[in-house]
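Taking it in order: structure first as C-alpha cells, then the write-up.
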Amino acid sequence: MSTLHAKAAEEYLRHTDIVERHDKTFFGVRQKRDNMAQALPEWEDLREAASQIKKHTVSHLADYLQQFEENATRNGIHVHWAADAREYNDIVYQILSAHGVKKVVKSKSMLTEECHLNENLEQHGIEVIETDLGERILQMMHLAPSHIVMPALHVHREAIGDCFRSQGLMENLEYPNMPDDPNDPTYLTFVARMHLRRQFTEAQAGMTGANFGIASTGEVVVCTNEGNADMSTSIPKLHIVSMGIEKLIPDYASMGVFQRLLARCGTGQETTVYTSHFRGPRPGGEMHIVLVDNGRSQILSDPEHWQTLKCMRCGACMNTCPVYRRSAGYSYTYFIPGPIGINLGMLRGSRKYSDNVSACTLCCSCDNVCPVKVDLSTQIYRWRQQLDSMHRADATKKIMSRAMSFIFRHPKLYTRLVGSLHLARWVPSAMMKTPLNPWTYGHEMMKFPPKSFHQAWKDLKPKEDEQ
Amino acid sequence: MNTKDKILARLREGVQQTFDMPDLSQLHGITYTDPVAQFIQKATTTAGAHLIELPGGVDLNQAVHQAYPQAQIFASNLPGIEVQLNPDTVEDVCQLTAVDVGIVQGRIGVAENACIWVPQAMKEKAICFASENLVILLRRTDIVSNMHQAYALIAESGEYFRDYKFGTFISGPSKTADIESALVYGAQAARSLTIILTS
Ligand code: SF4
Ligand code: SF4
C-alpha cells in the first residue's frame, strides 16, 4: 500500500534532470544557511533563546494577545479576531467592501493561502494581485506554491517568459540592451517590475501578512527582499494585516533574536532587504489587523504536538529534507510541504493528510536546522505510531516489523542470521525484488560483506592487544 | 461569548505547561573591533549597495548628482538638498513612482548585515520604496555591531514612531531570486542604493 506521497514522488522521480535541479537548488540554500550559522559564534545560543522565547510566549499567549490588542488599539489600529477561515474571510471582505475596494495588492502570506482568501474575494468581484514575484508568477499560471519561502523555483524561465508574453506584459515596454535570451531572468524581472508597479498605483488596498507581532508595542513586522509589502502599503491608504495568533513575540529584545535568525535560516542571507515595522496607519489612512486562530488554539492543547506553534515559517526544514528535495512540493497532499507541512497537515486533519507522514526517513536533519527547535522528526515519528490505530498503517511493513522486532529481541538468533547475510549475495536480484518484498522496491539491494561487523571486530581485537 | 473571548478562553484552558522568559541580557551578539569597516564591507558586497565616504567640505548635492548623473527628478524633505519633489508636500503619492533619486536620513547602521534604520520622517514613506534609486545618509558614529544593539537603541529612544508610525531596516536595493534562483536587483522597489557616510 503506497501513500499518495509515495505515488506522486515516484512519478516525479521519472524526470531525472528536473529532480536533480530541484535537489541542487534547495541543497544550495541549505549550504548558504550553514555558512551563516558557522559565521556566528553565538548561533546555538540564538536558537536556544528563540526556542525558549517561543515556548514562553505560546504558553502565555492569551495574556500577550490582550497586551498586543491594547497597544495596537492605542496606536490607532483596528484589531479583529477570527476563530476560523470563514470568519476571517468575512472580516476581510467587510473591510474591503466598506471602502469600496475593487483591487487589492497583496504580499505573500501563507495564512491567506490556508484560508483561501483570494478565491473568496474573487467570488465577491474583488481583484487580488499577488505582488511577490514568485507568487505573481504562480497566480498568473494558476499554480499552487511548491515551497513556503521560494514558491516558484520549480517553474523554469521558459514557462515564465511564455506566460508573461501571453498576458501581454511585454507590450509597449522599452528595455535597453535586450538580451539574446528572451527569457533572461533580469529581463523577466524587469517586465514584472513594470507590471506590478502599475498595480500598486491602481489598487485601493494593500494586504500583508506578519512575520512577527510585538506585544509590548502593538506593531507588526514584515520582512521581504523585494519591497513589495512596502510598496503595497505606501501607496494605497488602506492596510490590512493577516496574522496567525502564534506570530506574537513579547518585545524588541526578542525581535533582535528572531530578525537575526529568520533570513539566515530561510535563504542564507544575513538579513532580508527590508525589515519593516508597522505601528499604525499611514497619514490619512487606515490600518487593520485580523488575528486568526483557525485551529491554533487546538494545537496548543495537544500535549504531543503543541511545539509546532513555535514555527516561524522560515522554510529551512524543507531545504534540508532529502525527501522534500527529491519529491518537491506537489508530491505532498497538504499545501505546506516538507517536515513542517507533514506535521501541520496532520494537525489540520489527521485522516485527510496522513499520506504525508511516509515522506520521511527519520534522518532528523530538519530538527538540526530549525531556528526555533521544533522537534519535527519526533513528531512525525509519533504520528506514525498513531497511524495504526487510525488503520492507515501499511500491512506488509507491519508484518516485517514484527518479524524484525522478534529477531532483535533474540540476540543469539540475530548473530546467527547476520553471520549468514553475505549469502544474500548469491540470491538473484530478481528473486529479491518481488512485490512480496516492498523494501527492495526503489532501493538497490545492498552488498553484505562476507564477515559481519561483530566478527570483524573480534578478529581485530587481538591485533590491538599485541601493539 | 464573542470570538475574542472564546479564543482567549481556549488558549488559557489549553496550556499544558508554562515556561519562563529567558534572560536575554546573557545573549551576546557578535561585535567587531571596527564596526564601520565591517559595515562598509557588508554594504558593498552581500547587500549590493554603493557607498560613498563623504570627505569634509564636499557638498551633499554634488555627491548625489555625481552618483546619479542621468537623474532628473530628485525627492527629499531634508534641509539643504535641492529637489523637484518633496514627500511632505507632494499632492498625489503616485507622483513619487516617477522619482529618479530619493534621499532620506538613516539613523542607525548595523555592521553585521548592513541594515540601516530608516524611521519614517516624512509624510509619504513611498519615497523610500517607490524611488528608482535611493540614497541614505548615515553618520559614521551611528553604526553599531549587531541587531540586538540596534533594537535596544530604538526601544530606548522616544523619538521614533512619534510623528509617523513606521520605520524600516533597509539593507541594499530591492532584490529577488524568484526566477530560477538568479539574483536580480530591482524587483519592485529601489533598483539601487547608495549610502553616503557622513562624519
Ligand atoms: S527527519 Fe524526515 S522530515 Fe526531517 S529532514 Fe529527515 S527525512 Fe525530512
Ligand atoms: S519548523 Fe522550523 S525550520 Fe521548519 S519552517 Fe518552521 S521555523 Fe523553519
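The shortest distance between side-chain heavy atoms of L300(A) and Q16(B) does not fall below 4.5 Å.
Rounding to the nearest 0.5 Å gives a distance of 9.5 Å between CH2 of W81(A) and CG of N2(B). In this structure, the separation between NE2 on H80(A) and NZ on K4(B) is 13.0 Å, given to the nearest 0.5 Å.
Contacts between L46(A) and chain B at a heavy-atom distance below 4.5 Å involve backbone atoms as well as side-chain atoms. H60(A) touches chain B through its side chain: at least one heavy atom from C-beta onward sits under 4.5 Å away, while N, CA, C and O do not. For a residue to count as touching a neighbouring chain, one of its non-hydrogen atoms must lie under 4.5 Å from one of that chain's; by this rule I53(A) touches chain B with backbone and side chain alike. Within the 4.5 angstrom heavy-atom criterion, no atom of A192(A) approaches chain B. In this structure, chain B has heavy atoms under 4.5 Å from both the backbone and the side chain of V257(A). With a 4.5 angstrom heavy-atom cutoff, R198(A) does not touch chain B via any of its atoms.
Looking at K165(B), its side chain never comes within 3.5 Å of a backbone N or O of E219(A) through a donor-acceptor pair.
Nearest heavy-atom pair, S234(A) versus V93(B), reported as atom, atom and distance to 0.1 Å: O-CG2, 3.7 Å. Between Q188(B) and R197(A), the shortest heavy-atom contact is O-NH1, 3.0 Å. In terms of heavy atoms, P41(A) sits closest to I30(B) at CD-CD1, 3.8 Å.
Y151(B) and H277(A) have tilted rings, their planes meeting at an angle from 30° to 60° on a 0 to 90° scale.
For the pair K55(A) and D20(B), the salt-bridge criterion is not met [side-chain N within less than 4.0 Å of a carboxylate O]. Using a cut-off of 4.0 Å between Lys/Arg side-chain N and Asp/Glu carboxylate O, E180(B) and R21(A) are scored as salt-bridged. Using a cut-off of 4.0 Å between Lys/Arg side-chain N and Asp/Glu carboxylate O, K6(B) and D293(A) are scored as not salt-bridged.
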Report the C-alpha separation of T3(B) and E87(A) in whole Å, then their side-chain angles, then the decisive distance to 0.1 Å, and conclude whether the side chain to side chain donor-acceptor pair (under 3.5 Å) test is met. CA-CA 9 Å; T3(B) 301; E87(A) 196 172 3; 2.6 Å; yes

